[in-house]
Amino acid sequence: MPHHHIDTTAGTVGVDAAEPIPGLLVYELPPGFCDEASDRWYLAHRSNGYSLACFPTQQAATDAASAVAALVDWTQDMDTIASQQDVPTHISDLESILRDAGGSWPEPCSCHTHDSPL
C-alpha cells in the first residue's frame, strides 16, 4: 500500500493510501486531524499530491478514480498533464465527473494546507 504525505500547518503527516488507478491515490484523513471535515476520503494525484476532490466514503472516492481514469495518463506529473492541448476540456470533464460522483472540493481547515490544480 502506498504511503502519502499530507502537508499541514504543524508539519507533514503520513497516511496509508490505496492506488485504485495508476497515478491516483485514495486516502482517509487520520483521526484527530481536521475533525471538522465531513468528507474525509481524498482522491489525490500521486506524483505531486494534489487533492482532486474529497468524498464521504472510501468507495465513493474509489469509484470517482475509476470514473476519471480515462481522461489523462495519471502516471505523468502534473506539469506534463497541464501541457497537453486538450487540458481545458479535461478539466471541465474532471469537475463534472467528480461532482457527479459526490465529490466536493477540500475546504481549508485549521491544520491542512490544500493544493489543487483546479
Side-chain angles (χ1 to χ4, degrees):
M1 180 170 284
H3 200 68
H4 181 65
H5 298 280
I6 304 169
D7 292 327
T8 76
T9 56
T12 300
V13 175
V15 295
D16 288 328
E19 190 168 6
I21 301 299
L24 293 177
L25 300 177
V26 170
Y27 65 91
E28 183 179 20
L29 294 178
F33 182 76
C34 293
D35 289 329
E36 67 270 23
S38 59
D39 290 343
R40 302 194 59 79
W41 287 91
Y42 278 62
L43 176 60
H45 187 239
R46 182 182 177 108
S47 75
N48 58 17
Y50 282 136
S51 299
L52 300 178
C54 52
F55 298 85
T57 66
Q58 180 180 13
Q59 189 62 53
T62 300
D63 290 347
S66 295
V68 301
L71 289 179
V72 297
D73 177 359
W74 293 103
T75 63
Q76 297 176 332
D77 63 59
M78 194 55 74
D79 290 336
T80 301
I81 291 172
S83 70
Q84 297 171 3
Q85 285 185 313
D86 50 0
V87 165
T89 300
H90 289 320
I91 289 174
S92 177
D93 292 344
L94 177 65
E95 290 174 345
S96 294
I97 291 167
L98 293 173
R99 190 174 293 111
D100 290 347
S104 62
W105 281 260
E107 294 293 326
C109 64
S110 59
C111 58
H112 192 175
T113 59
H114 297 281
D115 289 322
S116 179
L118 304 178

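Given the structure is predicted, the values throughout are model-derived calculations rather than measurements. All values below come from the heavy atoms of this structure, side chains included, with hydrogens, waters and symmetry mates left out.
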[atom1] of [X] to [atom2] of [Y]: how many Å apart, nearest 0.5 Å?
X: Leu52; Y: Ile97; atom1: CG; atom2: CD1; value: 11.5 Å
X: Ser83; Y: Gln76; atom1: OG; atom2: CD; value: 7.5 Å
X: Arg99; Y: Leu94; atom1: CZ; atom2: CG; value: 10.0 Å
X: Asp100; Y: Glu95; atom1: CG; atom2: CD; value: 11.5 Å
X: Glu28; Y: Asp39; atom1: CD; atom2: CG; value: 11.5 Å
X: Tyr42; Y: Cys54; atom1: OH; atom2: SG; value: 4.5 Å

(message) Contact between Leu43 and Phe55 at the side-chain level, heavy atoms closer than 4.5 Å - yes or no?
(response) yes
Atom pairs and distances, side-chain donor-acceptor, residues 58-71, under 3.5 Å, sequence neighbours left out:
| residue | atom | partner | partner atom | Å |
| --- | --- | --- | --- | --- |
| Gln59 | NE2 | Asp63 | OD1 | 2.7 |
| Thr62 | OG1 | Gln58 | O | 2.9 |
| Ser66 | OG | Thr62 | O | 3.4 |

(request) Quick one: sort the His4 and Tyr27 rings into parallel, tilted or perpendicular, breaks at 30° and 60°. (result) tilted
(message) Checking the side chain of His45 only, and the main-chain atoms of Trp74 only, is there a donor and an acceptor separated by less than 3.5 Å?
(response) yes
(message) Checking Ser47 against Asp77: is there a side-chain donor and acceptor pair closer than 3.5 Å?
(response) no
(request) State yes or no: do Leu25 and Val72 share one hydrophobic cluster built from I, L, V, M, F, W and Y residues joined by side-chain heavy-atom distances below 4.5 Å, directly or via other members? (result) no
